[in-house]
Structure formats: structure tokens, C-alpha cells
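Some notes on the structure that comes next.
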Amino acid sequence: MGRLGRSTGALWRALSPTGRAVTLLGLAAWAVWAVTDLVELRLLALMCSLVLLLAIPWLLVPMRVTASLGLHSTRSVAGDVVQISLVATNGGRLSLWQPLVRLPIGTRDSWLRLPTLPPGERRTLEITTEPLERGVFDVGPAHAVRSDPLGLLRRWVSWCEPVELYVRPRMVLLSTLGSGHLRDLEGVPSDRISMSDLAFHALREYVPGDDLRHVHWRSSARAGELLVRQYHDTRRTHATIVLDPTPSAYASDEEYELGVSIAASLIMCAAREDYDVSLVSGNEQLTSLPAGYVLDGTCRVTREPNAEPLGAEVTLAITLAPETSMLFVVTGSDPVDLDGLTSGLVAVSPETHCVVLRAEPGAEGAVLRQHGHDSVTVGSLGDLPSLMARST
């Protein structure tokens, strides 16, 4: 009974809306004929059964097709179109007459009609998507539809595996992120003294517990006592971006997307300057990764109803990336946890350059210095480069 039920369910799913209507019509005609004994109804029921039986062989014809999906670029920007290539090869002995293919792109379905595929032939179809919003989308898998001439039965055949498409937020080119605290290996060494680094500073007397590998033996022989090397502490500049995930901080979806675009623009600038980059926004916590992966994180960020307050997000970011030398906090026009944010910024090292950016579409751009950090109001993404230049 279980197998019979599963078979019946599979057969019902194979019926198209037209096929289900024909099936119900045949059953109804058969039931009424059994009661009224009308020959016309019996003939109608037999005709419905016959066309359904004749449709079955069309679904049994094997379809041996190998296909692949290719994206001209696996990374795109919100509002842009994406070029997709579908390559299909017929490995069967029969020609496929203009197969109908469904190609899902995220939650959207694209219907494609391929040219006829003779045996052993390969066809390539170029597809241009509609402008896509920010996010991570699965493109595919491509499904071909097998159907009879009357469209009563249909069967879906998967041709290939899906591919992942990252649609990044809109970004703007920034000339600089600000001065911050220089910690570049190729830049100016810091004033901190380390016992193990690259920039040599001076020699000092040996103290019990010092690593003998740092003893400068030639100088020690001349001085008659053990001398060890000291170094300047040099570290790379690290930019950390905190994007407020609190829904109530943003007045609209447009305001949140502006905030995401601001964060992505900062990450892109940090990547161009070859800085280490971290991103913290609710469940999206990325650090010690290449900047490209961090930028991909902006495709996945979203507002989270149960997110921690903004102050806690700042504290978490500093905990995950204690070497942060530039901290950027991006929020909306109405940040909820202002007291927590102020407390979190106060706890940050005074050597760290802190900037709070508020996304407020339509507002006039402004830069204010308050509580030891810069507060920047961004009314449009195009204003960001000039505002960041003013906050350096």
C-alpha cells in the first residue's frame, strides 16, 4: 500500500494542469456512466483514458544530455545584469526538438527554448539576467521539461549542478580611509619595543629569561657581557568595520542598503591599500581572511531582530580583532544603543582611529568631532569620498 501510494503520488505530480483536468473529467464521466448508463459518458471516459495512455511513451524516451552552467563573473554588483552560458550536449541517439529548459536564478525562474539538439551535437545559449539585488543566489540547476504533444504529462530532468553568484552592494571609490595608527610592515615602525620583529632598534644587557637566539655574540665579545637585540614592534594596519544589525536603527530598506554600501566601500578601499580587514554584523563575523572574502560577507548581511546592541557589537569586534588600528561603525539615522556605542568606543585604544557613519538618505553630509571620534552623516553614496577625506 505504501509503494502504491508513492507511485500514485508520483503519477499525479507528472500530470500537468491540463492532464489533471482530463483525468478528473474521465473519472467523473466514468462515475456518472456507472449510475446513468449513458453510452456517451462511457465513450468520453474511454477517450480520456486513451489520450493519457498515449502520452506515457513520450516520457519514457531517454534524454541523455550533459550540460554545464558558466558565469562570465561569479561576482556582480547590485543593479547590474549577469551573463550566463548554458552549454548542452546531446549524448543520446534521438534528436531533441527544441527542449524547454527552466533555469532558476535565486527565487526567479527563467524559461529558455533551446534549438534542436541532434545526436552528438553541442549547443550554447547565452542568457542575460534582469538587474539583481544584493545577495547570494544559486543559479540553476537547469531542468529540461519532457512532455507529450498535448501537454498532458511532463517530467523534469536535471541537466547540471547549480553555481553560486555573489551580488555585492553598490560601492564607491574612496581615496583614503584616514590616517589612523601606522602599523604597516613597509611603513613607519611604531614606538613600541619588541623582542622579536623586523625593525632593529638597539642592544641592551641580557636579562635572565631572554631568548638566547637574540644574543648578539660579536657585540657581546667586544663588551665582555651578553647583549641582546631589541626591535621596533611593527604590525600591519587593520581596519575593522561594524555594521549595525539592529532593525530599528534604520528607517527603511533603502537606508539599510545605503549602510551596507558604505561598509562595502570601506572594505574595498582597505583591500586596495592592502590592509587587514574585519567585518562584524550580527551573525556575520569575518576576520583574518582575505579582503575579497570579507567583501563577500556584505552580500549575506541582513537585519537581525535578535541582534546584540550596537555597543556589544563594537566590543565583540575589538575582541575578535584586538590589533585594530582603524574602527568604522556604520549605523542608520536612528541608532538605538547610543550610550552603549559611546561606552564601547571609549574602551577602544586611544591609538585607534574611530569613525561612526550614519546612513540617512537625503540628509546633508556632515562631519562632526565628538567624544573622541568622528561622526559622519552620509546622505548619499556619492558623498562618501568627500566626507571621508574631511574626517582624516
Counting N and O atoms only, with roles assigned by atom type, does the side chain of [X] sit under 3.5 Å from a partner on the main chain of [Y], one being a donor and the other an acceptor?
{"X": "Tyr256", "Y": "Thr302", "answer": "yes"}
{"X": "Ser325", "Y": "His238", "answer": "yes"}
{"X": "Glu313", "Y": "Gly282", "answer": "yes"}
{"X": "Thr246", "Y": "Ser248", "answer": "no"}
{"X": "Ser333", "Y": "Glu360", "answer": "no"}
{"X": "Glu284", "Y": "Arg300", "answer": "no"}
{"X": "Arg358", "Y": "Pro335", "answer": "no"}
{"X": "Arg134", "Y": "Thr298", "answer": "yes"}
{"X": "Ser265", "Y": "Val172", "answer": "yes"}
{"X": "Ser16", "Y": "Gly151", "answer": "yes"}

Ala270: what forms a side chain to side chain contact (heavy atoms under 4.5 Å, CB included) with it, not counting sequence neighbours?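 By the side chain to side chain contact (heavy atoms under 4.5 Å, CB included) rule, Ala270 matches Leu177, Ala239, Tyr275, Val277.
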Hydrophobic clustering (ILVMFWY, side-chain heavy atoms < 4.5 Å, transitive) - are [Y] and [X] grouped together?
{"X": "Tyr166", "Y": "Phe137", "result": "no"}
{"X": "Val77", "Y": "Leu71", "result": "no"}
{"X": "Val39", "Y": "Met47", "result": "no"}
{"X": "Leu27", "Y": "Leu43", "result": "no"}
{"X": "Leu152", "Y": "Leu44", "result": "no"}

Val330: which of Val242, Asp244, Val376, Leu266 passes side chain to side chain contact (heavy atoms under 4.5 Å, CB included):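 Only match with Val330 under side chain to side chain contact (heavy atoms under 4.5 Å, CB included): Leu266.
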Test: Arg303 and Asp253 ion pair at under 4.0 Å: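 A salt bridge is present here (some side-chain N lies under 4.0 Å from a carboxylate O).
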Name all pairs fulfilling the ring-ring contact (aromatic ring centres under 6.0 Å, His included) condition that reach into residues 284-314, sequence neighbours left out, sorted by first residue then second.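 Found none.
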Can you list everything that forms a salt bridge (charged side-chain N to carboxylate O under 4.0 Å, His left out) with Glu308? Sequence neighbours excluded, please.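 Testing Glu308 for salt bridge (charged side-chain N to carboxylate O under 4.0 Å, His left out), a comparison that skips the adjacent residues, returns none.
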Show me, pair by pair, the donor-acceptor contacts under 3.5 angstrom made by side chains of residues 156-163, not counting sequence neighbours?
none

For [X], does the [atom1] atom have more than 12 heavy-atom neighbours from other residues, nucleotides or ligands under 6.0 Å away?
{"X": "Arg369", "atom1": "CZ", "result": "yes"}
{"X": "Glu205", "atom1": "CD", "result": "no"}
{"X": "Asp334", "atom1": "CG", "result": "yes"}

Taking all atoms of both residues into account, what is the closest heavy-atom pair of [X] and [Y], and its distance?
{"X": "Thr315", "Y": "Gly344", "value": "OG1-CA, 4.5 Å"}
{"X": "Asp138", "Y": "Glu164", "value": "OD1-CG, 4.1 Å"}
{"X": "Leu103", "Y": "Gly140", "value": "CD1-CA, 3.8 Å"}
{"X": "Leu165", "Y": "Ser73", "value": "CD1-O, 3.8 Å"}
{"X": "Pro104", "Y": "Arg102", "value": "CD-O, 3.6 Å"}

Checking side chain to side chain contact (heavy atoms under 4.5 Å, CB included) for the pair Val355/His353: CA distance, chi angles, key distance, verdict? CA-CA 7 Å; Val355 181; His353 179 56; 3.5 Å; yes
Mind checking side-chain hydrogen bond (donor to acceptor under 3.5 Å, both in side chains) for Asn90 and listing every partner two or more places apart, or none if nothing turns up?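 Applying side-chain hydrogen bond (donor to acceptor under 3.5 Å, both in side chains) to Asn90 gives none.
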Output a table of donor-acceptor pairs, distance under 3.5 Å, between side-chain atoms of residues 113-124 and any protein atom two or more places apart or on a different chain; print 'none' if there are none.
from: Arg113; atom 1: NH1; to: Gln98; atom 2: O; distance (Å): 2.7
from: Arg122; atom 1: NE; to: Thr89; atom 2: OG1; distance (Å): 3.3

When you look at Glu273 and Thr237, which way does the side chain to side chain contact (heavy atoms under 4.5 Å, CB included) test go after all the steps? CA-CA 9 Å; Glu273 298 292 333; Thr237 301; over 6 Å; no
Answer yes or no: is there a side-chain heavy-atom contact under 4.5 Å between Leu357 and Leu384?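 In contact.
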